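Keep in mind the model is a prediction, meaning the values are calculated, not measured. Numbers for residues simply follow the sequence, beginning at 1.
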Amino acid sequence: MTQPETPKSTPEEPWPVRVVSQKISGWVAKLGWVWVDGQVAQISRRPGASTVFLTLRDPSADLSLTVTTNRDVLDIGAPQLNEGARVVLHAKPEFYAARGTLSLRADEIRQVGLGELLARLEKLKKLLAAEGLFARERKRRPPFLPARIGLLTGRASAAERDVLTNARRRWPAVEFRVINVAVQGPTAVPQIVDALKVLDADETIDVIVIARGGGSVEDLLPFSDEALCRAVFACRTPVVSAIGHETDAPLLDYVADVRASTPTDAAKRIVPDLAEELRLIALARQRLGRAVTGLLDREQHRLDAIRSRPVLARPHIMIEQRAAEVGALRDRAARSLDHKLAAASGDLRHTLARLRALSPAATLDRGYAIVQRADGHVVRSPSDVAKGDDLRVRLAAGEVSAQVTDSPA
């Protein structure tokens, strides 16, 4: 079962353009008079006209507003005002409904002096330092030999030439990705920040160099801008600051991972010197060769010392000594055995002689005989036999048989 279609709501009564413009004008008019800080991007003075038009730009963003003021106001407050100068003006925002544009109407203009700029920079420096943007422990060390280097600098500038020439002289194979940006004026900070994001997002970039030649304090103001400092702090890629001369110290120098005194110094810091590295490698090879040679010599001396020992110089001497000892032991054993056998033989002869002397056979040899009855009993007395008994007579040379013929007496 299908649901019935819900009828579309009727739109509210639309406002005419003039009503919207009037309401916007009313909202803008409620702002009243305000103090505005910015950088003069353009000054338009028409001959004979009492109105002067200024284009006021935000140094940290790509935003600008048109300012109208009276020539007398400008001549009194900032008679030497030029494009690029920093100003503070008292103005009222106005919305022109006919053109749909927003502008400022100023009744007082003050050019910011160098002392005031330096005071603002010092205040900003303390703020950023308190937030940890200058902390040494968060600074990263650039790689020893970056595969590719990102360079932000002015188009066809001396800083670009110094970095590229000196880096390639030190390491000819180094690769660069160069992005040319404005390095002074109201558009410098937005361009540098945008280019910095592009290089930081490039995975092939190992280190980023921001370089600019020398200039006045006012010329170097973009490199002390808060937005640029925070953008550098947020980079995941190490950043090298090479702004101005050695005496120049914009706030970017404190936020960057490495501070180079000049663009030439930056080239020395981002790539090693090929000639120096080859020299160090040659020295290392020499030291390694000497170390190996020394080790081999020491081991050879040890082997020679071991080989010079008698046990290794004449290894058979041990066998000869043991053989001599075995021979001596065999001789001693043989002599001892011969002596014992001779002694035993003498003893045996003496014993045999005594045995033979005491033996019945010796008695028989002297002519005696042994008379035994038939049962083997030795006859010692005549009473031991009777007439008719058979007897066996043992002689030295054998036996004879006999019989008792007479009765024993």
(request) Please collect all ring-ring contact (aromatic ring centres under 6.0 Å, His included) contacts where either partner lies in residues 251-307, sequence neighbours excluded, each pair once. (result) Phe134-Tyr254

Does any non-hydrogen side-chain atom of [Y] lie less than 4.5 Å from one of [X]?
X      : Y      : result
Asp194 : Val198 : no
Val209 : Ile270 : yes
Thr262 : Thr264 : yes

(request) Kindly assign one of parallel, tilted or perpendicular to the pair Trp35 and His90, based on the angle between their ring planes and the thresholds 30° and 60°. (result) tilted

(message) Using the rule given for side-chain contact (heavy atoms from CB on, under 4.5 Å), can you reason through Phe223 versus Ile192, listing the C-alpha separation, both sets of side-chain angles and the distance that settles it, and then say yes or no?
(response) CA-CA 9 Å; Phe223 300 98; Ile192 296 174; 3.6 Å; yes

Output yes when [X] and [Y] qualify as a salt bridge under the 4.0 Å nitrogen-oxygen rule, no when they do not.
X      : Y      : value
Arg236 : Glu203 : yes
Arg380 : Asp384 : no
Asp273 : Lys268 : no

(request) For the residue pair Gln39 and Arg57, confirm or rule out a side-chain donor-acceptor distance under 3.5 Å. (result) no

(message) Between Ser336 and Arg332, do the side chains contain a donor N or O and an acceptor N or O under 3.5 Å apart?
(response) no

(request) Determine, stepwise, if the pair Leu296 / Glu299 fulfils side-chain contact (heavy atoms from CB on, under 4.5 Å). (result) CA-CA 5 Å; Leu296 292 177; Glu299 296 303 320; 5.8 Å; no

(message) Arg177 vs Thr204, test: side-chain contact (heavy atoms from CB on, under 4.5 Å). Steps then yes/no.
(response) CA-CA 10 Å; Arg177 180 180 178 182; Thr204 65; over 6 Å; no

